[in-house]
Amino acid sequence: MTYIVVESCIKCKYMDCVEVCPVDCFYEGENMLVIHPDECIDCGVCEPECPVDAIKPDTEPGLEKLLKLNADFAKIWPNITQKKEPPADAKAWEDVPNKLETQFSPNPGTGD
Ligand code: SF4
Ligand code: F3S
């Protein structure tokens, strides 16, 4: 198994998660982060750190599409290990539905 980042991260991108990961397996897109499934050691430390509950074990049902998204983009986005300033409008995006369909960006972030 692995932990993965799910839809609620999109446009919120608080980055509290990256500070606690012992193996630095978070990767940064323009609007969200992903976890590299082959690098994550399943420690679970990051899960309670996310203010919007965007980190889940992939054993939860219905996460196949997001597992693939994490695996695919972790290969091409830059590594991130230090928290930066979240988006100024992050709060406004917390409860917006269907962000994966409407707001996901394949563009990379800037990383560390
Ligand atoms: Fe990192 Fe542990 Fe979270 Fe995996 S579960 S991303 S190893 S902090
Ligand atoms: Fe995203 Fe939560 Fe980390 S919003 S960047 S998974 S702390």
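All residue numbers refer to positions in the sequence shown, counting from 1. Keep in mind that the numbers below use all heavy atoms, side chains included, and drop hydrogens, waters and symmetry copies. First listed ligand is number 1; within each ligand, the first listed atom is number 1.
- For ligand 2, the atoms sitting less than 4.0 Å from at least one non-hydrogen atom of Cys9 are 1 (Fe), 4 (S), 5 (S), 6 (S), numbered in the order shown with element in parentheses.
- Heavy atoms of Glu49 come nearer than 4.0 angstrom to ligand 2 in no pair at all.
- Linking ILVMFWY side-chain heavy atoms closer than 4.5 Å, directly or via other members, places Leu100 and Trp93 in two distinct hydrophobic clusters.
- Below 4.0 Å from some heavy atom of Phe26 lie the following atoms of ligand 1, by number and element: 6 (S).
- Here the heavy atom of the protein found nearest to atom 5 (S) of ligand 1 is Gly44 N, 3.2 Å.
- Protein heavy atom in closest approach to atom 3 (Fe) of ligand 2: Cys17 SG, 2.3 Å.
- When only modelled atom types and interatomic distance are considered, Asp58 and Thr2 share no side-chain donor-acceptor pair under 3.5 Å.
- Distance check for Cys25 against atom 2 (Fe) of ligand 1: none of its N/O/S atoms falls below 2.8 Å.
- In summary, the aromatic rings of Tyr3 and Phe26 are positioned with their centroids too far apart to meet the 6.0 Å limit.
- For atom 2 (Fe) of ligand 2, the nearest protein heavy atom (residue, atom name, distance) is Cys50 SG, 2.3 Å.
- Of the protein's non-hydrogen atoms, the one nearest atom 2 (Fe) of ligand 1 is Cys43 SG, 2.2 Å.
- With Tyr27 as reference, Asn79 is the one residue of Ile35, Asn70, Asn79 to meet the side chain to side chain contact (heavy atoms under 4.5 Å, CB included) rule.
- Here the side chain of Lys99 pairs a donor or acceptor atom with the backbone of Ser8 at under 3.5 angstrom.
- When Cys50, Pro57, Cys40, Cys21 are checked for heavy-atom proximity to atom 4 (Fe) of ligand 1, Cys40 turns out nearest.
- Residue contacts to atom 3 (Fe) of ligand 1: Cys17 brings no N, O or S atom closer than 2.8 Å.
- The single protein non-hydrogen atom nearest to atom 5 (S) of ligand 2 is Met15 N, 3.2 Å, given as residue, atom name and distance.
- Near Val23, with a cut-off below 4.0 Å to any heavy atom, the atoms of ligand 1 are 7 (S).
- Here the side chain of Glu49 pairs no donor or acceptor atom with the backbone of Asp16 at under 3.5 angstrom.
- Scanning all protein heavy atoms for the shortest distance to atom 7 (S) of ligand 1 gives Ile41 N, 3.4 Å.
- The nearest protein atom to atom 3 (Fe) of ligand 1, hydrogens excluded, is given as Cys46 SG, 2.2 Å; this is a heavy-atom distance.
- Although no hydrogens or angles enter the test, the distance criterion places no donor-acceptor pair under 3.5 Å between the side chain of Asn31 and the main chain of Ile10.
- Residue-ligand proximity, Pro22 to ligand 1, at heavy-atom distances under 4.0 Å covers atoms 8 (S).
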